[in-house]
Amino acid sequence: MSATSTLVFVHGFWHGSWCWSEVVPHVVAAGRLAVAVDMAGHGLYARRPQWFTEQPYNPEAVSTEVSPVADVSLDDAAELLTSQIKRIGGGEPVTVVAHSAAGPVLTRVAQRTPELVAHAVYLSAYMPASGTPAAAYTQIPEAVGGRVAPLLQGDPAQTGALRLDLATDDAAYRQRLYEAFYGDVDPVLADAATGLLTPDGPIGIMLGTTTLTHDGWGSVRRTYLVCTRDMAIPPGVQAKFVSEADAAFPDNPTSVGALDASHSPFLSTPGELAGIITPIG
């Protein structure tokens with residue numbers, strides 16, 4: 001299949017479709033149809049906890065309030081993405097580019113409806129093995145040194161979310177957030193992006209699992225784009241995703257590319273990223 005299928009961009013946790021706004025124009029200018037969508041619990045589907053806007057600031061509530069997106073599951077996210085793909089593609093397969101925590105959502109969709117996915121592209125994304133939750137990869141040795149876990153607030157088992165404290169005025173915390181996600185992004189742009197983040201990522205998306213089969217996900221062409229300076233999902237974890245996938249489905253090996261970028265190349269190197277993605281699919 002030639003690279004004519006529509007590109008569908010899906011963001012990761014805490015972000016929204018807005019994060020692709022510097023990439024999509026490059027892709028469209030090159031002659032490829034492209035659209036970015038919001039993931040369940042994010043963007044126009046986000047619901048914010050009360051502590052996020054209440055005054056005075058309540059650090060106890062940050063750690064304990066149950067998230068309004070605690071009920072969002074991997075099933076929910078996959079159903080939403082499937083409906084978006086059907087609407088965008090009109091029943092024809094599309095190429096899906098998933099970033100970060102959108103990876104397990106793409107995997108579920110490609111397993112259930114492989115006929116809708118011309119090519120699955122994982123951009124520094126979780127690409128979990130069969131029956132393994134994405135959250136499990138935050139505990140493996142290759143994940144040591146990742147900078148997201150220390151930013152998370154409260155117990156996800158209680159709050160139902162992976163929570164960032166986006167209401168704090170703690171300069172040190174905000175600097176660590178910048179280093180985790182936007183280490184090579186212009187600070188002014190990174191500050192603008194931070195202002196658009198939502199605080200809660202539904203833990204259910206990270207805890208859900210998908211059983212992968214040869215005629216499901218294993219039949220879909222896939223590409224993994226490694227971000228070599230990623231401090232959110234370290235490159236060693238990204239390499240593990242690829243090695244596990246290729247061991248399970250050796251007849252359909254993963255194509256691998258790399259960017260010399262942090263976790264957010266859609267902001268730091270949008271033109272380069274678009275140049276790599278546009279021919280895929």
Side-chain angles (χ1 to χ4, degrees), residues 6-21 23-24 27 34-46 69 72-85 88 94-113 116-129 132-138 148 161-162 164 180-181 193 196-198 200-210 212 217 220 222-227 230 232-233 237-238 241-242 245 254 259 261-267 273 277 280-281:
T6 300
L7 282 166
V8 178
F9 291 93
V10 192
H11 61 87
F13 268 13
W14 308 297
H15 290 69
S17 56
W18 54 264
C19 74
W20 301 104
S21 63
V23 176
V24 170
V27 175
V35 63
V37 298
D38 286 323
M39 184 166 63
H42 296 81
L44 294 178
Y45 305 104
V69 296
V72 176
S73 66
L74 180 58
D75 281 336
D76 296 326
E79 288 173 7
L80 175 60
L81 180 56
T82 300
S83 70
Q84 292 165 329
I85 287 173
I88 293 164
V94 302
T95 293
V96 183
V97 181
H99 179 246
S100 197
V105 183
L106 170 55
T107 294
R108 174 66 68 84
V109 171
Q111 170 59 36
R112 288 186 171 178
T113 52
L116 294 179
V117 182
H119 204 121
V121 183
Y122 294 81
L123 173 62
S124 192
Y126 288 95
M127 191 171 75
T132 305
Y137 292 89
T138 65
V148 174
L162 297 180
L164 299 176
F181 296 119
L196 295 173
L197 299 177
T198 52
D200 288 353
I203 189 61
I205 292 175
M206 293 291 284
L207 294 179
T209 64
T210 302
L212 306 179
W217 185 81
V220 177
R222 64 183 178 275
T223 293
Y224 199 99
L225 299 179
V226 178
C227 290
D230 198 328
I233 303 178
V237 179
Q238 299 177 59
F241 294 138
V242 174
T254 310
L259 294 97
S262 71
H263 192 59
S264 303
F266 41 77
L267 296 179
L273 177 59
I277 290 174
I280 298 174

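If you're wondering where the values come from, they're calculated on a predicted model, not measured in any experiment.
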Original post:
When the ring centroid of Phe9 is compared with that of Phe266, is the distance short of 6.0 Å?
Top reply: no
Original post:
Any donor and acceptor pair, going by atom type alone, linking the side chain of Gln238 with main-chain N or O of Cys227 inside 3.5 Å?
Top reply: yes
**OP:** Please check if any side-chain donor atom of Ser124 sits under 3.5 Å from a side-chain acceptor atom of His99, or the reverse.
**Re:** no
Original post:
Would you say Thr107's side chain and Gly103's backbone share a donor-acceptor pair under 3.5 angstrom?
Top reply: yes
Subject >> Side-chain heavy-atom pair Val35, Val8 within 4.5 angstrom cut-off >> reply: yes
Original post:
How close do Thr209 and Thr132 get, heavy atom to heavy atom, and via which atoms?
Top reply: CG2-C, 3.8 Å
**OP:** Describe, in one word, how the ring planes of Tyr224 and Tyr122 are oriented to each other, choosing from parallel (under 30°), tilted (30 to 60°) and perpendicular (over 60°).
**Re:** parallel
Return a table of donor-acceptor pairs under 3.5 angstrom between the side chains of residues 38-45 and protein atoms on other chains or two or more places apart.
{"residue": "Asp38", "atom": "OD1", "partner": "Ser17", "partner atom": "N", "Å": "2.8"}
{"residue": "Asp38", "atom": "OD1", "partner": "Ser17", "partner atom": "OG", "Å": "3.0"}
{"residue": "Asp38", "atom": "OD2", "partner": "Leu44", "partner atom": "N", "Å": "3.1"}
{"residue": "His42", "atom": "ND1", "partner": "Ala40", "partner atom": "O", "Å": "2.9"}
{"residue": "His42", "atom": "NE2", "partner": "Trp14", "partner atom": "N", "Å": "3.0"}

Subject >> Spatial distance of atom CG (Leu164) from atom CG (Leu197) [nearest 0.5 Å] >> reply: 7.0 Å
Subject >> Side-chain heavy-atom pair Val121, Leu225 within 4.5 angstrom cut-off >> reply: yes
Original post:
Of all heavy-atom pairs between Leu207 and Ala135, which one has the smallest distance, and what is that distance?
Top reply: CD2-CB, 4.0 Å
Original post:
Are any non-hydrogen side-chain atoms of Thr95 and Thr6 less than 4.5 angstrom apart?
Top reply: no
**OP:** Test side chain to side chain donor-acceptor pair (under 3.5 Å) on His263 and Ser100 and set out the steps.
**Re:** CA-CA 8 Å; His263 192 59; Ser100 197; 3.0 Å; yes
Subject >> Note, Arg112 side chain near Trp217 side chain (heavy atom, < 4.5 Å) >> reply: no
Subject >> Atom pair OG1/CG of Thr113 and Leu81 - distance to nearest 0.5 Å >> reply: 8.5 Å
Original post:
Given Val105, which of Val96, Leu80, Ile205 fulfils the side chain to side chain contact (heavy atoms under 4.5 Å, CB included) condition?
Top reply: Ile205
**OP:** Nearest 0.5 Å please: distance from the NE2 atom of His15 over to the CH2 atom of Trp20.
**Re:** 10.0 Å
Original post:
To the nearest 0.5 Å, what is the distance between CZ (Arg108) and OG1 (Thr210)?
Top reply: 3.5 Å
**OP:** Quick one: pull up CD1 in Ile277 and OG1 in Thr223 and give me the separation to the nearest 0.5 Å.
**Re:** 10.0 Å
Subject >> Point-to-point distance, once rounded to the nearest 0.5 Å, from CG of Asp230 to CG of Leu259 >> reply: 10.5 Å
**OP:** Side-chain contact test, heavy atoms from C-beta onward, threshold under 4.5 Å: evaluate it for His11 versus Trp18 and give yes or no.
**Re:** no
Original post:
What heavy-atom pair brings Ala261 and Pro265 nearest, and what distance separates the two atoms?
Top reply: CB-CB, 3.9 Å
